[in-house]
Colleague: 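Sharing a structure here in structure tokens format.
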Number of protein chains: 2
Amino acid sequence: MSSERLLQNTHLDKSSYIPLYIQVRDILKELINSGKLQPGDQIPSENELSTEYNISRMTVRQASQELIREGYISIKRGEGTFVNAASHTQMLLKLEGFSSEMAKLGYRNHSRVLNIEMVEAFDSFGMAYTGLGKEPGEALVRICRVRYVEETPFAIETSFLPLDIGQGLLNPRMADDASLYNYIEKDLHIRLSRADHVIQPGLADQEIANLLEIAKGSPVLNLHGTTFSMNNQPVEYLEGIYRGDKYELKVVITK
Amino acid sequence: MSSERLLQNTHLDKSSYIPLYIQVRDILKELINSGKLQPGDQIPSENELSTEYNISRMTVRQASQELIREGYISIKRGEGTFVNAASHTQMLLKLEGFSSEMAKLGYRNHSRVLNIEMVEAFDSFGMAYTGLGKEPGEALVRICRVRYVEETPFAIETSFLPLDIGQGLLNPRMADDASLYNYIEKDLHIRLSRADHVIQPGLADQEIANLLEIAKGSPVLNLHGTTFSMNNQPVEYLEGIYRGDKYELKVVITK
DNA sequence: TATGATAACATGTCTAGACAAGTAGATCAA
DNA sequence: TTGATCTACTTGTCTAGACATGTTATCATA
């Protein structure tokens, strides 16, 4: 049982408000991210984990299902559960957000806020009003940012927020390197749950090309869609333009 | 309990080899696809379903989790489970495949096989060899198809198959409108499970532009990646080029 | 008329089992 | 040596509950 060594220094807090299956998921995720579990490695079996942590096997399975959805592991019935090969691919769409994602990969990244303002123009930003379920006449907060990795611009992101969520960012003005998702989750205590995004290929016009430091007419990915909170309230409408040469989109689909 | 009317004529076969949660999932999916459950409608609660079908609530929840993953429903804790708004968006990536997806939307679609042949050229198709886990020297079957919807070309798809899977398509030559996924699942009895795809924006060159009937330099989506069977064997390496003006990619992400 | 408690009902998490079925390795027989 | 069988171990499905917690509507109270 090499799992004993592997799992030492890990433990569950049964009195925590954090569900047990989330704790197990995060322990396994940490073992993978830290390299203690390498791609191809078999992770401890469901029985081993349920015995080790003194929890039900169904709870362990709940953790596994999460990790499958996130692409960390795959299961071979009758054989075991194995760590997937890490992907070099950037996931545009992780709800964890840009900063933590890039940091995990070891890249220094930062942002520049081009513009942050209150807007009240249904005609110009109809998609955002619709996406957030707001009526014409209501005010939104609009944030334009350029994302950099190691001094190279990667993306232009425009976020539209309902006034009650975004007004705290107007004064004082949101810092260049602040994380929007961190602000929403940590400061406002709104837990994010679901993002409903659409992606299309497109071409860079002159303004976009300048900001992203690419040639006019270069391929880009256009993304737009709404992010929802845990209780299904729309929290953000995002429009993103991503450099086609730097970004790719990885999707794992399970039937 | 309007659910009684809704669920009449539905039943589970407890002696079937098809798991109960799959049967429940498919009943609900059918109710949604047939329009008996409209977007925004509340579906019967977990307790109602478990009572109605005389199964455990956990089994009902397993069905719900599937439908959430597939984007059909969303759950509001304490409130209920609701049908999502249908998306007009084409999902590039559904494992069900192109034909059934388009048929569901009511479009007539067909394909044209440009080319189907055995290849043995690691140098030209290195990505495919790697994706399928094959060694140089092994033969693959390569299928080039153009996809049409209502006479408009939408996509060019090149599938690479291991010889044992693809050889049945060489002679007789695969029919223009045959479904590859149907062939693999129904004829070869290989159940597909997971697809690992990468998408990037690109530009159409002259050859692509001609086939897709668009201007050279128009934006396209390039996709490549491997599809795996239920027991994690690579089954297909797919390279697709999709018209940017017709296709968009919809992704629902759940944290 | 407001407000606050409460009840009914929804989903979220978790248990401690059960049996089924797929896989791999050991063992035994031809 | 080869092949079949057995066994131990894995994941898949399912049960019949339990208590926690979020939502809504109702109803009693100030």
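Letters go in sequence order (proteins before strands), and every chain restarts at 1. What's counted below: heavy atoms across the whole structure, side chains too, no hydrogens, waters or symmetry copies.
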Colleague: Say whether, by atom type as modelled, one donor and one acceptor occur between the side chain of Gln65(B) and the main chain of Gln62(B) under 3.5 angstrom.
Modeller: no
Colleague: For Tyr17(B) and dG22(C), give me the distance from atom OH to atom P, rounded to whole Å.
Modeller: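 Roughly 13 Å, once rounded to whole Å.
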Colleague: Starting from P on dA10(C), measure out to CD on Gln42(B) and report it in whole angstrom.
Modeller: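 Taking atom P of dA10(C) as the reference, CD of Gln42(B) is at 7 Å.
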Colleague: Can you tell which of dT21(D), dT23(C), dT11(D) lies closest to the side chain of Arg77(B)?
Modeller: dT21(D)
Colleague: Could you tell me whether Ser64(B) contacts a base, only the sugar-phosphate backbone, or nothing, with contacts defined as non-hydrogen atoms closer than 4.0 Å?
Modeller: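 Touches nothing.
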Colleague: For Leu49(B) and dC9(C), give me the distance from atom CG to atom P, rounded to whole Å.
Modeller: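 Rounded to the whole Å, the gap is 16 Å.
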Colleague: Does Tyr21(B) make a side-chain N or O approach to OP1 or OP2 of dC14(D) shorter than 4.0 Å?
Modeller: no
Colleague: Quick one: which of dT15(D), dT11(D), dT13(C) gets closest to the side chain of Ser56(B)?
Modeller: dT15(D)
Colleague: It should be established whether Thr59(B) places a side-chain nitrogen or oxygen under 4.0 Å from OP1 or OP2 of nucleotide dT15(D).
Modeller: yes
Colleague: Need to verify one output field. Residue with the more 5' nearest nucleotide on DNA chain D, Met58(A) or Gly80(A)?
Modeller: Gly80(A)
Colleague: What is the distance, rounded to the nearest whole Å, between atom CG of Asn47(A) and atom C1' of dC19(C)?
Modeller: 14 Å
Colleague: Would you check if there is a donor-acceptor pair between the side chains of Ser111(A) and Arg145(A) at a distance under 3.5 Å?
Modeller: no
Colleague: Want to settle it: does Gly78(A) or Leu20(A) sit nearer the 5' end of DNA chain C, counting the closest nucleotide to each?
Modeller: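 Checking each residue's closest nucleotide, the 5'-ward one belongs to Leu20(A).
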Colleague: When you check the phosphate oxygens OP1 and OP2 of dT11(D), does a side-chain N or O of Arg57(A) lie under 4.0 Å from one of them?
Modeller: no
Colleague: How many whole angstroms separate atom CZ of Arg61(B) from atom P of dA10(C)?
Modeller: 14 Å
Colleague: Which atom pair, heavy atoms only, marks the closest approach of Gly80(A) to Gln42(A)?
Modeller: CA-NE2, 3.5 Å
Colleague: Side chain of Pro19(B), heavy atoms from C-beta onward: which of dT10(D), dA24(C), dC14(D) has the nearest atom to it?
Modeller: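 Among the listed nucleotides, the one closest to the side chain of Pro19(B) is dC14(D).
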Colleague: Please report the distance, rounded to the nearest Å, between CZ in Phe82(A) and P in dT23(C).
Modeller: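 It works out to 12 Å between those atoms.
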Colleague: For dT10(D), take OP1 and OP2 only and decide whether either is under 4.0 Å from a side-chain N or O of Ser45(A).
Modeller: yes
Colleague: Does the side chain of Tyr53(B) come under 3.5 Å of the side chain of Thr10(B) through a donor N or O and an acceptor N or O?
Modeller: yes
Colleague: Please state how far atom CD in Gln65(A) lies from atom C1' in dC14(C), giving the value in whole angstrom units.
Modeller: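 So the two atoms are 16 Å apart, to the nearest Å.
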Colleague: Under 3.5 Å, is there a donor-acceptor pair linking the side chains of Tyr21(A) and Ser64(A)?
Modeller: no
Colleague: To the nearest Å, give me how far apart CD (Glu46(A)) and P (dC14(D)) are.
Modeller: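 Rounding to the nearest Å, CD of Glu46(A) and P of dC14(D) are 15 Å apart.
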